[in-house]
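Worksheet: the structure to be examined is printed underneath.
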Amino acid sequence: MQLHNTLSGRKEDFAPLNPERVTMYVCGPTVYSFAHIGNARPAVVFDVLARVLRRRYPRVDYTRNITDIDDKINTAAAKEGVAIKVITERYTDIYHEDLDALGVARPTYEPKVTEHLAHIISMVERLIAVGAAYAAEGHVLFNVTSYAGYGELSKRDRREMIAGARVEVAPYKKDPGDFVLWKPSTPDQPGWESPWGRGRPGWHIECSAMAEALLGDTIDIHGGGHDLVFPHHENERAQSTAAHDGKTFARYWLHNGFLTMDSEKMSKSVGNVLLIREILKAAPGEAVRLALLTGHYRQPLDWNDEALADARRKLDRLYGALRDAGDVAASDAKAPDAFIAALEDDINTPAALAELFELARALNKASDAAEKAALVAQIKDAGALLGLLQQNPGEWFSQSSGTASEGPSEAEIEAALAARIAAKTAKDYKEADRIRDDLKARGVLVEDSKDGQRWRRL
RNA sequence: GGCUCGAUGGCAGAGUGGUGAUGCAGGGGACUGCAAAUCCCCGUACGUCGGUUCAAUUCCGGCUCGAGCCUCCA
């Protein structure tokens with residue numbers, strides 16, 4: 001298997017440190033608001049990676065954290081006049097619901113920062129002990145000059161960064177690039193007791209501490225959105241390496257490209273944020289998932305209505321092939337080598353999808369029952385690796401477009417189809433066509449197959 | 001300003017130093033009462049200017065354009 005490593009800037013052969021236990025850490029959400037479609041991309045991409053790894057390795061410990069201590073959460077809680085727990089639990093549940101709809105499996109571990117305060121404090125103490133961090137005015141800061149490798153991941157020169165810095169440098173910092181590990185809380189802010197007084201952790205130390213607690217000092221794969229390379233992952237790397245006596249923190253760094261809206265970054269300031277749950281009102285979760293896998297994960301992906309409609313039509317074709325195969329009992333055939341090879345080549349989902357369509361065409365052409373059974377099994381096994389094609393074709397074609405869409409009920413459709421078959425039997429094609437046109441106008445496409453009429457929602 | 005990554009046909013999107021993936025859309029045909037679905041066939045592409053090479057969309061360089069990071073951010 002090959003994976004593109006941000007640290008080296010090239011594709012590398014992947015070999016886990018311990019083949020009996022592959023470890024993977026992906027930065028999860030800060031739960032203070034609804035998740036948008038951009039947040040869904042890493043969740044889906046690394047879900048696919050976990051599935052591919054699990055096919056080859058017996059145990060994959062995948063950790064995706066929930067950041068439930070953060071100043072944005074504090075702001076949201078203060079605004080509503082509730083405890084931060086009210087906010088974080090609400091949006092954690094929503095996050096789970098959204099990802100469930102996209103077929104994203106839960107990670108092995110889903111740690112929360114609030115459950116790891118002791119670990120975070122201990123890590124900060126160790127960093128001070130080894131001289132990589134220092135306390136100043138209630139804060140604890142990581143000294144970037146203590147780590148020679150600082151800047152390697154994001155390919156940045158510290159001196160240039162200072163020149164381009166847009167923020168004012170706090171006077172207690174030894175170096176302008178030093179970042180906060182622990183900061184003091186005022187009495188009205190959420191805080192936890194620590195050797196440096198009541199306060200709360202900085203953002204970067206959380207992930208380092210949770211990765212250490214659950215996966216150990218060195219992890220195989222660390223993933224996240226491309227925007228996290230700097231400063232978040234650069235800082236994590238510096239902290240963890242310093243705390244672990246120079247041991248490698250993450251062996252492979254993977255970053256997914258950004259999702260744009262009409263070629264522009266999705267952000268609240270631009271006002272083009274598209275929430276996962278808004279999209280799910282008008283489209284099935286599986287189509288959203290496929291749309292996210294249409295491009296290679298490292299490439300930017302432009303989100304628009306056409307991309308989603310395209311994904312739905314693709315699923316129509318794939319599920320159509322499965323439906324037309326009829327009731328053949330799937331054999332125990334597995335996804336073909338070319339499909340696996342595509343996914344093991346740095347998660348090349350577009351190439352893998354092309355293989356899937358080749359299988360669908362073969363299935364559409366097949367007449368032999370054994371051949372059909374093998375192809376159905378191959379398509380389903382391949383689909384499972386992508387997290388697709390696991391429902392019955394009938395369910396796919398009869399489901400509504402999304403949580404908010406409407407249309408005639410199945411009973412109404414069945415009644416209309418009965419009337420149409422009667423008209424057809426009487427060779428009253430004018431009436432049969434009228435019924436078909438009427439249903440189409442209401443969002444239901446009727447097709448005549450050799451097995452009789454069938455329908456699907458548009 | 002610094003850094004990173006891109007630029008493929010009507011659209012989306014892989015890939016490759018020399019036979020133009022895949023899906024959608026389009027044209028033709030088969031099938032169908034007509035459609036739809038399916039199958040077969042077809043078309044149009046590698047930003048620009050140079051270089052290397054027998055041969056470049058594929059390697060190298062300049063340019064132009066685009067996305068992202070340098071501040072919270074997937």
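Source: prediction; values computed, not measured. Each chain gets a letter, A, B and so on, in the order the sequences are listed, and its residues count up from 1.
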[atom1] atoms of [N] and [M], separation to the nearest Å:
| N | M | atom1 | value |
| --- | --- | --- | --- |
| B:G61 | B:U44 | P | 33 Å |
| B:C11 | B:C46 | C1' | 16 Å |
| B:G15 | B:G51 | P | 29 Å |
| B:U64 | B:C49 | C1' | 10 Å |
| B:A37 | B:G27 | P | 13 Å |
| B:C42 | B:G33 | C1' | 29 Å |
| B:U48 | B:U53 | P | 23 Å |
| B:A56 | B:U52 | P | 11 Å |

Query raised in the report: Can you find a heavy atom in the side chain of A:R456 that is under 4.5 Å from one in the side chain of A:V444?
Result: no

Query raised in the report: Does the side chain of A:E206 reach to within under 4.5 Å of the side chain of A:M210, using non-hydrogen atoms?
Result: yes

Query raised in the report: So, is the end of the A:R156 side chain (NZ or CZ) under 6.0 Å from the ring centre of A:F230 and within 45° of the ring's axis?
Result: yes

Report task. Decide whether a cation-pi geometry holds between A:R323 and A:F397; the criteria are a distance under 6.0 Å from NZ or CZ to the six-membered ring centre and an angle within 45° of the ring axis. Result -> yes

If only side-chain N and O atoms count, and only distance matters, is there a donor-acceptor pair under 3.5 Å linking [Y] with [X]?
| X | Y | value |
| --- | --- | --- |
| A:D302 | A:T260 | yes |
| A:E236 | A:S208 | no |
| A:Y319 | A:E286 | yes |

**Report entry** Of A:D310 and A:N304, the one whose closest RNA chain B nucleotide lies more 5'
**Finding:** A:N304

Report summary line: Assign each of A:L259 and A:R436 the nucleotide of RNA chain B bearing its closest heavy atom; nearer the 5' end lies the nucleotide of A:R436

Side chain of [X] (C-beta onward), nearest among [options]:
| X | options | result |
| --- | --- | --- |
| A:N348 | B:C39, B:A14, B:A74 | B:A14 |
| A:D448 | B:A36, B:G23, B:C34 | B:C34 |
| A:A351 | B:A14, B:G23, B:C72 | B:A14 |
| A:H36 | B:A36, B:A67, B:A74 | B:A74 |
| A:F230 | B:A74, B:C11, B:C69 | B:C69 |
| A:E358 | B:U22, B:C11, B:A74 | B:U22 |
| A:H296 | B:C39, B:A35, B:A14 | B:A14 |
| A:R456 | B:G33, B:A36, B:A74 | B:A36 |
| A:N364 | B:C39, B:A74, B:C72 | B:C39 |
| A:R420 | B:G33, B:C69, B:C39 | B:G33 |

Separation of [N] [atom2] from [X] [atom1] (nearest whole Å):
| X | N | atom1 | atom2 | result |
| --- | --- | --- | --- | --- |
| A:K424 | B:U32 | NZ | P | 12 Å |
| A:D437 | B:A36 | CG | P | 12 Å |
| A:H255 | B:C69 | NE2 | P | 13 Å |
| A:N39 | B:A74 | CG | P | 5 Å |
| A:L353 | B:G15 | CG | P | 13 Å |
| A:H226 | B:A74 | NE2 | P | 15 Å |
| A:L445 | B:U38 | CG | P | 11 Å |
| A:L356 | B:U22 | CG | P | 14 Å |

Query raised in the report: What about A:D71, does its side chain sit under 3.5 Å from the base of B:C72 through a donor-acceptor pair?
Result: no

Query - A:F357 ring over B:G23 six-membered base ring, under 5.5 Å and 30° - result: no

Looking at [N], which nucleotide sits across from it as a Watson-Crick or G-U wobble partner, both distances under 3.5 angstrom, or is there none?
| N | result |
| --- | --- |
| B:C46 | none |
| B:A30 | B:U38 |
| B:A67 | B:U4 |
| B:U57 | none |
| B:G23 | B:C11 |

Query - B:C34 phosphate, OP1 or OP2, under 4.0 Å from A:K430 side-chain N/O - result: no

Query raised in the report: Is any side-chain N or O of A:R361 closer than 4.0 Å to OP1 or OP2 of B:C40?
Result: yes

How is [X] classified with respect to the nucleic acid when contacts are heavy atoms under 4.0 Å: base, sugar-phosphate, or nothing?
| X | value |
| --- | --- |
| A:D433 | base |
| A:H232 | nothing |
| A:R434 | nothing |
| A:R64 | nothing |
| A:G38 | base |
| A:T294 | sugar-phosphate |
| A:Q299 | sugar-phosphate |
| A:R313 | sugar-phosphate |

Query - Full working for side-chain hydrogen bond (donor to acceptor under 3.5 Å, both in side chains) between A:N348 and A:D345 - result: CA-CA 6 Å; A:N348 191 337; A:D345 179 15; 4.6 Å; no

Report task. Name the orientation class of the two ring planes belonging to A:H204 and A:F179 (parallel below 30°, tilted from 30 to 60°, perpendicular beyond 60°). Result -> perpendicular

